[in-house]
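Order of the sequence lines fixes the chain letters, A, B, ..., with proteins taken first and strands second; residue numbering starts at 1 for each chain. Note that these values count all heavy atoms, side chains included, but never hydrogens, waters or copies made by symmetry. All figures in this text were calculated on a predicted structure; none of them were measured in a lab.
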Amino acid sequence: MKTVFKRTPTLKDCPTHYCPGCGHGIAHRLIAETIDELGIRGRTIGIAPVGCAVLAYDYLDVDMIEVAHGRAPAVATGMKRTNPDKIIFSYQGDGDLAAIGTAEIIHAAHRAEQLTVIFINNAVFGMTGGQMAPTTLLGQVTATTPKGRNAAGEGYPLQVSEILALLPGAIYVERCALSGAAGVRKTKKAIKHAFELQVEAAEGLSLVEVLSPCPTYWRMTPAKAMEWIEKEMVKVFPLGRLKG
Amino acid sequence: MIEKSDTCSETHKRILMCGNEALAEASIIAGLDAYFGYPITPQNEITAYMSRRMAEEGRVFIQSESELAAINMVFGASATGKRTMTSSSSPGISLMQEGMSYLAGAELPAVVVNVMRGGPGLGNIAPSQSDYFQATRGGGHGDYRTIVFGPSTVQELVDYMHLAFDLADVYRITVVILADGFLGQMMEPVLLEKKPHRELPAKDWALTGAKGREQNIVRSLWLPEGALEALNNKLKAKYELIEKNEVLCEQYEVEDAEIVVVAYGIAARIVRSAVSRAREEGIKAGWIRPITLWPFPTEQISRAAEEFKIFLTVEMSLGQMVEDVRLAVAGKAPVVFYGRPGGGTPTVDEILDKIKQLTIPEKR
Amino acid sequence: MTKNAFYEEVIIAGFGGQGIMLTGKLLAQTAMQAGREVTYMPSYGAEVRGGTANCMVVIADEPIACPVVGRPDSLIVLNKASLNKFCPRLKEGGLMIMNSSLIDIEPEPADEVEVIAVPADELAVELGNPKCTNMVALGAYLQRRGYLTVDAAAKALPDVLAKRYHKTLPVNTAALRRGAEFAQAKAGGV
């Protein structure tokens, strides 16, 4: 019998704590595959955020650190500057990167830190119970926007990747989506490119924004959630290469 | 015109340096790999000095976007096993408390210098000792401690920077150097020589890439039932060991004293002058100077309190260390406080008056 | 502190830009090189230029307890505001060097003190560099106090003066000497 798919070694052989239909598991797999394909497991250090992916080190078999909410780019800076030979990546959600950690991501990019950032945008705060994120769509119902997000008072969805793409220190910014097989393949390609740039010591920050489903707090089936990314999210967060 | 001999070799090696620059150079000699900091008065000389010297040494210097970022850069560098530090002054240290709590939870070594200024709020930029509570009670959230040094001379700033880096590594703990605007800004002759090292444990926990070994994880989240309690108890055991082994304290003419003045840092120097003058005037006065503020020299003060003496605590605050003195004295003797907050400095005359008031019957 | 051991507390004051801090550092550096214990405490603040500036220098034979000077043994004041502020704090029997080029009033010290009025700005201009006012005043101070030589101060100068100003070493040295000469003549030759 021919093996057409197998678990990559850097992805641990264990069930995750993620909800059915959640995108984190897929994103973890893509990172693990990238690390193994590039042969960098022995020199990679990952950063887990505060959010649903806080336990990412339970699934990714590389040296990892768990950091304060939003501070991953600062921690990554401290690691990379003192260990230029290591490959440092952070894995951050939309609350982590686009709300509480805005200053840290902007300035890490601003300083052109040689880092790889995987930014998971699921338009909601997952771990704390489905509250509004900066990336929540207008009209989207969350635990803290019971009538749907209203621009007046709650602001518009924040397009952090577009902001980062303006900075000379950000050398590669791409937005992908985990909806459908083609989307996953494209996301994998982008993630791999973002790691490759660091391996090649390209001078700047690489970021891949990943639109990722959260069926639980979108109150949808996993299939509907995938559809919602393609129909609604991409209108506000258009896919494609923003920089590099 | 008599000049003291300038052939003395020690004299030749002494350099006139301000506290901020001296502690920065001491850190470099102690093997600092990376400095991260954000400008704030009165410690700007540290950041500026580091920007020049760390580059010369081929080591890492970053002027961060905030104190939050600085302490988290320290967190990152420390997690990979590097010697690292940050420095700031009171308002900036408040911002760093989040990171300091995480450092404690993750048991990462770090050195944090606080060149204290007056508060609360933006306060002023004058020297102050009003962050004692914050420094000695952990400062951030959660059950933890940091080792705190209260040096009182520029030479001590140098000496305790060396010790701070060693203790941070030995105990995997944050060591705080609690200085103040006077110490940071004033110049004194210093000897910068490298001091003898403590025996340092291997950093087998560090994140260096999981090449040929299982992954290392640096974390402070412990969700399963009992897991955090186990960590807390592990920390407690460590803190008890530090309390047993690392207390530093200096005292002078306490045995026959009827009044003991307790002060740390720059205030202790003013107290020394006042106590000397009190002795000259026939008052049996002595002083105790805690050098480590945590662990606090509780035993030393408690022993001094066994025979009846009056304790006078002098601080540049509204009274913070005095609470530790009271805990140590434990009701065995009266504890009186004299302090000047908000950048005020107690003068020798003020302290002497207070000593007289407390010891000369007709002045009481 | 041993009774009668050498202990000299000095306040040097003027406005920002008069080289107050450099003067204090030079005094401290000279004393340190002569084997004495020293502390130097600058005032620091938001005013980078202009405003008032002062520093405190303590010189002693034994480790110095308190670097903060309440009542100085000596005072070097380069402008009127500094005179007004610090003159009342001068110890009895103390010494005040005042820059009479900028101070047109008679000082009213609380106690009996020695006052040497030095037209430091004029003397500096005569030497060809008006920025040497501070060195003229320090020269006068060193001459009157006598525990450190002007030569020792001149020798210490390169250690405290930023390298980019080292071309001014000769004129600063001349200013130290001129101040000392002036003070000696003024005091009737000692």
Pairs of donor and acceptor atoms, chain B with chain A, under 3.5 Å:
from, atom 1, to, atom 2, distance (Å)
B:Glu65, OE1, A:Arg111, NH1, 2.8
B:Thr80, OG1, A:Asn83, ND2, 2.9
B:Glu98, OE1, A:Arg71, NE, 2.9
B:Thr208, N, A:Asp63, OD2, 3.0
B:Gly209, N, A:Asp63, OD2, 3.0
B:Ala210, O, A:Arg41, NH1, 2.7
B:Arg213, NH1, A:Asp63, OD1, 2.8
B:Arg213, NH1, A:Asp63, OD2, 3.4
B:Arg213, NH2, A:Asp63, OD2, 2.7
B:Gln215, OE1, A:Lys12, NZ, 2.2
B:Gln215, NE2, A:Leu60, O, 3.0
B:Gln215, NE2, A:Val62, O, 2.5
B:Asn216, N, A:Asp63, OD1, 2.7
B:Asn216, O, A:Met64, N, 3.0
B:Val218, N, A:Met64, O, 2.9
B:Val218, O, A:Glu66, N, 2.8
B:Arg219, NE, A:Tyr57, OH, 3.3
B:Arg219, NH2, A:Tyr57, OH, 3.3
B:Ser220, N, A:Glu66, OE2, 2.7
B:Ser220, OG, A:Glu66, OE2, 3.4
B:Leu221, N, A:Glu66, OE2, 2.8

Measure the shortest side-chain to side-chain distance between B:Val113 and B:Gln43 over non-hydrogen atoms and say whether it is less than 4.5 angstrom.
-> no

Measuring heavy-atom distances to chain A, does B:Ala206 have an atom under 4.5 Å in its side chain, in its backbone, in both, or in neither?
-> backbone

Non-hydrogen atoms of chain B under 4.5 Å away: do they reach the side chain of A:Val67, the backbone, both or neither?
-> both

Does B:Arg117 reach the main-chain N or O of B:Leu122 with its side chain, forming a donor-acceptor pair under 3.5 Å?
-> yes

Other residues, nucleotides, ligands: >12 heavy atoms within 6.0 Å of B:Glu229 CD | no

Examine the side chains of B:Asn232 and B:Asp143 and answer whether a donor and an acceptor come within less than 3.5 Å of each other.
-> no

Tell me, do A:Ile47 and A:Met79 make a side-chain contact under 4.5 Å, heavy atoms counted?
-> yes

Would you check if A:Phe89 and A:Ile40 make a side-chain contact, meaning some heavy-atom pair closer than 4.5 Å?
-> no

Looking only at side chains, do B:Thr41 and B:Asn44 share a donor and an acceptor under 3.5 Å apart?
-> yes

Top contributor to chain A contacts, counting heavy-atom pairs under 4.5 Å, from B:Ile62, B:Leu207, B:Val60, B:Ile71 | B:Leu207

